[in-house]
Amino acid sequence: TTQEINGWVQVLDPHGSGHSYWWNRQTNQTTHLGAARPGSAAALLERLGRFKDEVARDLNQRQRMRIFIGDGMYYGGGSEGGAGC
């Protein structure tokens with residue numbers, strides 16, 4: 001028998017991968033294979049990890065302009081969509 005926790009039931013992958021996913025009997029929502037049970041601490045950590053990765057990608061994309069200071073002048077390293085130096 002399968003234990004239901006807050007409406008979520010763990011289901012074994014019918015394609016035989018050996019992984020499982022979670023299915024909510026009340027809302028008919030499902031998770032991806034290998035996901036932690038929604039509402040659990042592990043699921044929160046998964047969400048925080050995805051958020052951290054998204055923020056890191058965004059910051060990396062924003063760092064298009066670099067300024068180099070040397071002989072009393074500044075030189076732009078370039079910026080996407082902005083005016084050059």
Side-chain angles (χ1 to χ4, degrees):
T1 89
T2 306
Q3 183 180 5
E4 184 173 329
I5 303 170
N6 295 331
W8 292 99
V9 176
Q10 191 172 20
V11 180
L12 193 59
D13 179 17
H15 299 289
S17 70
H19 297 286
S20 60
Y21 64 93
W22 291 88
W23 167 54
N24 189 306
R25 290 183 179 189
Q26 298 159 353
T27 64
N28 207 32
Q29 289 177 292
T30 59
T31 66
H32 62 275
L33 284 173
R37 180 182 53 80
S40 68
L44 177 60
L45 289 176
E46 283 180 4
R47 288 183 63 200
L48 288 173
R50 286 192 305 269
F51 176 73
K52 175 194 65 76
D53 292 344
E54 186 177 317
V55 169
R57 276 191 300 275
D58 185 51
L59 287 174
N60 188 37
Q61 290 175 355
R62 290 174 186 246
Q63 291 181 343
R64 300 264 189 239
M65 182 168 177
R66 299 206 182 0
I67 298 176
F68 303 98
I69 300 173
D71 56 0
M73 301 293 289
Y74 70 92
Y75 306 93
S79 70
E80 188 174 309
C85 293

Atom pairs and distances, donor-acceptor, side-chain atoms in residues 31-41, under 3.5 Å, two or more places apart:
from  : atom 1 : to    : atom 2 : distance (Å)
Thr31 : OG1    : Trp22 : N      : 2.9
Ser40 : OG     : Arg37 : O      : 2.6
Ser40 : OG     : Ala43 : N      : 3.2

query: Roughly how far, to the nearest 0.5 Å, is CD of Gln29 from CH2 of Trp8?
result: 4.5 Å
message: For Asp58, I'd like to know if atom CG has over 12 heavy atoms of other residues, nucleotides or ligands within 6.0 Å.
response: yes
task: Can you measure from CG (Leu45) to NZ (Lys52) and round to the nearest 0.5 angstrom?
output: 12.0 Å
query: In Å and rounded to the nearest 0.5 Å, what is the CG to CG distance from Asp53 to Leu48?
result: 11.0 Å
query: If you measure from CH2 on Trp23 to CD on Gln10, what distance do you get to the nearest 0.5 Å?
result: 13.5 Å
